[in-house]
Amino acid sequence: MEQTVQGILVVNTETIPGMMITETLGVVSGSTVRAKNVGRDITQGLRNIMGGELVKYTELLEESRQEAIGRMVAEAMGRGATAIVNVRFATSAVTAGAAELFAYGTAVKAE
Amino acid sequence: MTEWAVIIPLAIGSICALPLLLLAAFGMLYAFAYPFMLIWAFFFSGKRLDDQIADTTSREISLRDSLGRDPLTTLDGGYRTDITECGVIWAGVVFGPSHWHLLIGFINNLIGGSIDILQKVVAAGRAEAMQRLRENAVSNGYDDVINVRIDTSDMAPQGAQSKVKAVEVFAYGTGVKYG
């Protein structure tokens with residue numbers, strides 16, 4: 001949730017307000033599949049009977065998303081980009097309790 | 001010699017089986033406790049959901065009063081030119097109906113028509129995710145959030161043997177700070 005992740009500006013708009021995009025460097029992406037341990041799955045299963053928010057799964061997805069964005073940013077840095085624009089997120093549940101988080105965007109040079 | 005040949009595989013086998021036995025014990029406990037929890041859900045889950053909705057709404061109203069407007073917009077482009085800082089922010093909530101609500105939903109499903117109770121649950125989760133996005137924006141020092149997108153994904157995919165029935169609502173956008 002930082003505005004710049006390791007010195008790279010990440011936005012989900014097509015342009016960066018106040019900056020000019022000089023070069024596009026292609027699509028960069030990062031994904032991660034993570035799961036909580038079986039004990040958490042059991043407690044969240046019990047909590048689900050009552051309904052409402054499943055706090056541990058929320059935390060799990062938050063951590064995973066940080067990791068996915070970190071990988072995307074690392075790829076962008078490898079290409080020498082200064083920003084990533086038009087970032088999109090996608091989520092898919094592979095099995096119960098294991099979620100794949102996928103973040104992708106366009107690496108650009110901006111000044 | 002022959003004794004060891006019997007004892008060692010037995011010991012290894014029992015160590016390997018221990019986690020499975022524990023799981024089986026949990027499964028039996030779950031089967032025993034489930035009816036009581038369903039009764040608990042029958043009495044209290046409706047009130048719990050209403051409390052959740054009331055809490056989200058009151059936070060939303062107090063934030064809107066302090067800012068004077070709603071910071072979220074879905075616009076991309078056409079925004080103000082005096083932006084000094086920007087960056088992506090997001091907020092996600094995993095939210096599920098109680099099993100009592102699922103039962104009501106199942107009965108509604110047989111009759112057909114709109115399933116209001118499940119709609120209410122998902123709407124509550126969505127309102128909570130959007131409110132967290134607003135709070136994230138404020139705590140990161142942003143004035144506005146532009147280009148907001150909201151995704152909803154199923155935590156219990158078709159075919160997976162899962163007891164958890166929930167959706168993840170995920171809201172993200174670009175926070176901007178005006179100079």
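Letters go in sequence order (proteins before strands), and every chain restarts at 1.
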Margin query: Do B:C86 and A:L9 make a side-chain contact, defined as non-hydrogen atoms from C-beta onward lying under 4.5 Å apart?
Written below: yes
Margin query: Quick check on B:F170 against chain A: is it the side chain, the backbone, both or neither that has a heavy atom closer than 4.5 Å?
Written below: side chain
Margin query: Distance to the ring centre below 6.0 angstrom and angle to the axis at most 45 degrees; does that hold for A:R88 and B:Y172?
Written below: no
Margin query: Is there a side chain to side chain contact (heavy atoms under 4.5 Å, CB included) between A:E62 and B:W90? Walk through the geometry before answering.
Written below: CA-CA 9 Å; A:E62 176 64 35; B:W90 63 87; 3.3 Å; yes
Check: Does B:L133 belong to the same Ile/Leu/Val/Met/Phe/Trp/Tyr cluster as B:L67, with side-chain heavy atoms less than 4.5 Å apart forming each link?
Finding: no
Check: If only atom types and distance count, is the side chain of A:T58 paired as donor or acceptor with the main-chain N or O of B:V93 below 3.5 Å?
Finding: no
Check: Using non-hydrogen atoms only, which part of A:V11 is less than 4.5 Å away from chain B: side chain, backbone, both, or neither?
Finding: both
Note to self: Need one label for A:L46: side chain, backbone, both or neither, based on atoms under 4.5 Å from any heavy atom in chain B.
What the structure shows: both
Next item on the list: Grab the two heavy atoms, one from A:N48 and one from B:G96, that are nearest each other, plus how far apart they are.
Entry: ND2-CA, 4.1 Å
Next item on the list: Please state whether the side chain, the backbone, both or neither of A:I49 comes within less than 4.5 Å of a heavy atom of chain B.
Entry: both
Check: Tell me, side chain or backbone of B:I146 under 4.5 Å from chain A's heavy atoms, or both, or neither?
Finding: both
Checklist line | B:S153 portion near chain A, given a 4.5 angstrom heavy-atom threshold | finding: side chain
Margin query: Ignoring hydrogens, what is the shortest heavy-atom contact between A:F89 and B:D151? Give both atom names and the distance.
Written below: O-OD2, 3.0 Å
Item checked: Same apolar cluster (I L V M F W Y, side chains within < 4.5 Å links), A:I84/A:M77 -> yes
Check: B:E168 versus chain A, heavy atoms under 4.5 Å apart: side chain, backbone, both or neither?
Finding: side chain
Notebook entry, point to check: Tell me, side chain or backbone of B:L102 under 4.5 Å from chain A's heavy atoms, or both, or neither?
Noted result: neither
Note to self: Let me check something: do A:M72 and A:I8 share a hydrophobic cluster, defined by ILVMFWY side-chain heavy atoms less than 4.5 Å apart, either directly or through other members?
What the structure shows: yes
Next item on the list: For the residue pair B:F44 and A:M50, establish whether any side-chain heavy-atom pair is separated by less than 4.5 Å.
Entry: no
Next item on the list: Could you have a look at A:V55, A:I16, A:L61 and say which one has the most heavy-atom pairs with chain B under 4.5 angstrom?
Entry: A:L61
Item checked: Any side-chain donor near an acceptor of the partner, B:T174 and A:N12, under 3.5 Å -> yes
Notebook entry, point to check: Hey, any chance A:Y104 and A:V108 share a hydrophobic cluster, counting ILVMFWY side chains that come within less than 4.5 Å of each other, even indirectly?
Noted result: no
